[in-house]
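Remarks on the structure that follows.
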Amino acid sequence: MADSTFLTVDWAIDWLRRSAAVVAENRMALIELDRVIGDGDHGENLDRGFSAVLEALDAQAPATPGAAFKLAAMTLMSKVGGAAGPLYGTAFLRAATTVGDAAELDAAMLGAALGAARDGVVARGKAEVGDKTMIDAWTPAVDAAVAAAAAGAGPAAVLDAAATAAESGAVSTDPLIARKGRASYLGERAMGHRDPGAASSALILRAAANAAGAGA
Amino acid sequence: MADSTFLTVDWAIDWLRRSAAVVAENRMALIELDRVIGDGDHGENLDRGFSAVLEALDAQAPATPGAAFKLAAMTLMSKVGGAAGPLYGTAFLRAATTVGDAAELDAAMLGAALGAARDGVVARGKAEVGDKTMIDAWTPAVDAAVAAAAAGAGPAAVLDAAATAAESGAVSTDPLIARKGRASYLGERAMGHRDPGAASSALILRAAANAAGAGA
Amino acid sequence: MKKLINDPKTVVNESVEGFGLAHAAHVTVHPDPLFVTRKQAAKAGKVGLISGGGSGHEPLHAGYVGYGMLDAAVPGAMFTSPTPDAIIPATLAADSGAGVVHIVKNYTGDVLNFETAAEMAQAEGVEVRTVLVNDDVAVEDSLYTAGRRGVGGTVLVEKIAGAAAERGDDLDSVAAIGQRVNDNVRSMGVALSACTVPHAGVPSFALAEDEIEIGIGIHGEPGRHKIPMENADGITDRLLQPILTDLAPVAGDKVLLFVNGMGGTPASELYIVYRRAAKVLADAGLVVERSLVGNYITALEMQGCSISVLRLDDEMTALWDAPVNTPALRWGM
Amino acid sequence: MKKLINDPKTVVNESVEGFGLAHAAHVTVHPDPLFVTRKQAAKAGKVGLISGGGSGHEPLHAGYVGYGMLDAAVPGAMFTSPTPDAIIPATLAADSGAGVVHIVKNYTGDVLNFETAAEMAQAEGVEVRTVLVNDDVAVEDSLYTAGRRGVGGTVLVEKIAGAAAERGDDLDSVAAIGQRVNDNVRSMGVALSACTVPHAGVPSFALAEDEIEIGIGIHGEPGRHKIPMENADGITDRLLQPILTDLAPVAGDKVLLFVNGMGGTPASELYIVYRRAAKVLADAGLVVERSLVGNYITALEMQGCSISVLRLDDEMTALWDAPVNTPALRWGM
Ligand SMILES: Nc1ncnc2c1ncn2[C@@H]1O[C@H](COP(=O)(O)OP(=O)(O)O)[C@@H](O)[C@H]1O
Ligand SMILES: Nc1ncnc2c1ncn2[C@@H]1O[C@H](COP(=O)(O)OP(=O)(O)O)[C@@H](O)[C@H]1O
Ligand SMILES: [Mg+2]
Ligand SMILES: [Mg+2]
Ligand SMILES: [Mg+2]
Ligand SMILES: [Mg+2]
């Protein structure tokens, strides 16, 4: 897989578009995960939110990765609702703040942006790893990204490492009892079911990696 | 089958008790008939009413057939409700009036009492033969009873003729479109289903015949 | 059958007992024979208003006992009209010397039982008038049927006639305004699912997953015909069309639009139906002056709704607006 | 899935539009972003009261917009908390200079979205206080859960805090009385059947023909545990016991008893539950001073109910009795 040293706004836009596509494709699957241990709206909410992101991208092309993240943040915050809306919104907002108006992002900045995004989710939702939330995908993803960047990997490899870690992180929620969010009401009955937010986080991080691979 | 020339209050009481038994036995079957072309309460209503008749008979033994009919009339009128309550109530009330305080009923009086009962139902409900109501059982029953009495049959044979005619009358409602009662709302969709009131009338008239046979 | 009940035989008695406990400030429950009266006696000389019918249509009728509406209600067994032995004492209780109006839904059982009760109450010296409600356009009104059923219009008759009685109208006038409401209201219903009468234990009719029953009554009795499922706007149009054909209002007429839930339909869906119905009426040049949306005359847990359209005149509108204070309908006090 | 809807995507918008048409005298609907305000502006200087949350719980919250209760309501998507972009303008609209109280049910999504909106409204110069409702004893309140959910108690908080605002209490006082209601109310629910969210198209959980779900929430989320079906008295006892254990009232305490329908349960069944609950409370030496029975906070067409018990003090009782004039709760005017 080709790997450029920097990712530009084209990558950011492609990431958001790919996220919208993958969320639309997995809308029913995410609804189904949430139906079992939540209230069955996660796929619907994210699909509504990312469709609005597509519309926003069509209306105004962001000039920098940071601007793209901010557009996503504001749109998701106002269109998704539920728990996931503010959490994803905060994640993109913190990422936007971290990258500022840089035109290009290198591997280290990517790691820092993902870390800030994760920290934003924690600041809002107070979840720790093992609480059966999207944090179970984000924290290993951030760790893997930072490690890959430190080891000298380029942006695409960093994102690939993050996505792969997020995917295992999502799977790791299966046996857990939830301690945050709606699934926490279920106690032991949540065991054996994947957390929908962790699943959607893995999909979205994989979209980031694919965008970096494709856009190289 | 033995046949005495007169029927007494013992027969009348036995009839009511047998009616209660046969209605209780056929409670679900009558509910089911009414569920299909009505509102599913006919068996429940009659069962409630005849249970109350049993209680009333336990509380105060009527002295004459007329008193027994009157007791049944008042109890059914106040316990059955729906269309069947006033109709059966009126039937027994007219029968009571017709037999007065006679201690014994002969075949002719039985025919007259059944005729008066039927006329009472018609007076209240305005149904004609062919309207798919209990009249489709009662009118052939009265005709058969009067004919048998005129031909010199005893009370048990008169009642047997009435019951047999009522049974065919009930069957004759199967293909009809209803023009009275709740089934009339159904139009052609009532075709192919037996009228619950005609079915219960046949059961009750058969109970009268059985009481006469058994009580001979 | 899963229901919050203890025993099919005690459903009505326990339910009305609970109703009496919950609304002790409004009503008194008389347990045997079962009827419900106002807690605060109406002013002497007021025409009494009573209604009754099979249970399972709650809040009808007991929910409408109170100032500005009914003086007494007589709940029968489930889906079974009450008997004269209950209607008679309710009639006597509702009489304060000015006579009593019986509001009777047009079902054979209701008609016969109220008829008997009226006769007997008259024999005891109470003047009785009867208003027969028959607003359901799903049923052909001909010599060859039991006639149209009384459905949603009943609530409107009870409210408006109740207000007329409360303002001091005499017996004939109260009956006449009740009759006028009935003459000017038409209704039609739809079921998405059947209901289960507790003593029967199985649904009153069968509907496939993609079928609905148009022209349903309020007793789980089957309706006019089954059709494949449609969207809310389509169903609304199907209900309204025969109503408008029969009522034949002219542009500029003022109407009350009543979307009634059958018991198992969320309020959100009733408002979607209301939205369409209001548009159709507006397109027909009618002025929707008043509205009512909610579960007011139900069929247990049936999913579905009915629409009623009442052509208003100024007097009816004023009587509709008059204060009412009952467990289920309340405003102005 | 059979529902009176046109399209899962338009359910909320069309429903709220119909609600606005039906209650045009009470409310104004602002379509985009979606929120509902009182038609008659509250008197200047009154503390504003707003609430909101996922749709599907009607009449909550828009049904409680009006005199003596809410100034604005923000309906989210089905079962999904609304977003700040709708909560903020609703907050601004509700402010007449005395600040605004947010009544928020304790769900992560509601908390986060209202939190953001409050921050932004404060940045625009509106003082905001938040009352978090968390009355559901089905959920263990510990560091290891998202905490208790807000359920039936929400309606009582909105009514009583609304009356306090209407009589002129200041911002902190209104928030304090809302908090006091929350501190004194406990609730628990049961589902006999699941509900179907339109966009999901299948029931939110599976229940066998002889199973019920104890400790159900109002989002079709599964409850505490499934048990075999029981009769109404048994189920009522199961709901009341944890409520009483947790609330720990003492003999002589005055309470409000609220039996709430989940949307698909006939009123007659709710009254059977009320009857038993009233007896259990009386046996415990409690005085049921006020009651509320009906569909006030629902979960679409779910069959089942919740029970809430509020320990009253004289001030709460007076505020409960104070006039209220909203589409779904109305008395005294
Ligand atoms: N406190 C929290 N911290 C982090 N993630 C959370 C928290 N609460 C919920 N989530 C995530 O949100 C997801 C649910 O999102 P969604 O279904 O859209 O919201 P809601 O629960 O309001 O319906 C969960 O699967 C979980 O991953
Ligand atoms: N007008 C009528 N004349 C004679 N019989 C009638 C009439 N209307 C109804 N019935 C009889 O009553 C029966 C229904 O009784 P029931 O189910 O107890 O009352 P309801 O229809 O009020 O539920 C019908 O099957 C029919 O035989
Ligand atoms: Mg969810
Ligand atoms: Mg019947
Ligand atoms: Mg009946
Ligand atoms: Mg949600």
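Naming: A, B, ... by sequence-line order, numbering from 1 per chain. As the structure is a prediction and not an experimental result, all values here were calculated from the model.
By number of non-hydrogen pairs under 4.5 angstrom with chain A, the leading residue of D:E115, D:H219, D:R149 is D:R149. Interface check for chain A: of the options D:V197, D:V202, D:N113, the most heavy-atom pairs under 4.5 Å are formed by D:N113. Most heavy-atom pairs under 4.5 Å with chain D, from the set A:G43, A:G125, A:G181: that is A:G181. Considering only heavy-atom pairs separated by less than 4.5 Å from chain A, the leading option among D:P203, D:G76, D:A206, D:G215 is D:P203. Chosen from D:A77, D:P84, D:G201, D:S204, the residue pairing most often with chain A at heavy-atom distances under 4.5 Å is D:S204. The choice from D:M78, D:H225, D:E213 that makes the most heavy-atom pairs within less than 4.5 Å of chain A is D:E213.
Within residues 68-89 of chain A, the residues that have a heavy atom under 4.5 Å from a heavy atom of chain D are A:M77, A:S78, A:K79, A:V80, A:G81, A:G82, A:A83, A:P86, A:L87, listed by number.
Using a 4.5 Å cut-off between heavy atoms, D:Y107 touches chain A through backbone and side chain atoms alike. Proximity to chain D involves both the backbone and the side chain of A:D41, based on heavy atoms less than 4.5 angstrom apart. Interface remark: D:P33 contributes no atoms to any contact with chain A (heavy atom separation under 4.5 Å). For A:R35, the parts lying near chain D are the backbone and the side chain together; criterion is any non-hydrogen pair under 4.5 Å.
Formation of a donor-acceptor pair under 3.5 Å by the D:H199 side chain with backbone atoms of A:G40 is found in this model.
Using a cut-off of 4.0 Å between Lys/Arg side-chain N and Asp/Glu carboxylate O, A:R124 and D:E119 are scored as not salt-bridged.
The CZ atom of D:F79 sits 13.0 Å away from atom CD of A:E44, with the distance rounded to the nearest 0.5 Å.
Here the closest heavy-atom approach between residue A:R48 and residue D:T80 is recorded as NH2-CG2, 4.0 Å. The heavy-atom pair separating A:Y185 from D:G147 by the smallest distance is CE2-O, 3.5 Å.
A:E128 CD: 12 or fewer foreign heavy atoms inside a 6.0 Å radius. Residue-environment remark: CG (A:D58) exceeds the threshold of 12 foreign heavy atoms within 6.0 Å. Summarising the local packing, CE of D:M229 is surrounded by more than 12 heavy atoms from other residues, nucleotides or ligands at distances under 6.0 Å.
Residues satisfying the side chain to side chain donor-acceptor pair (under 3.5 Å) test with A:D136, not counting sequence neighbours, are none.
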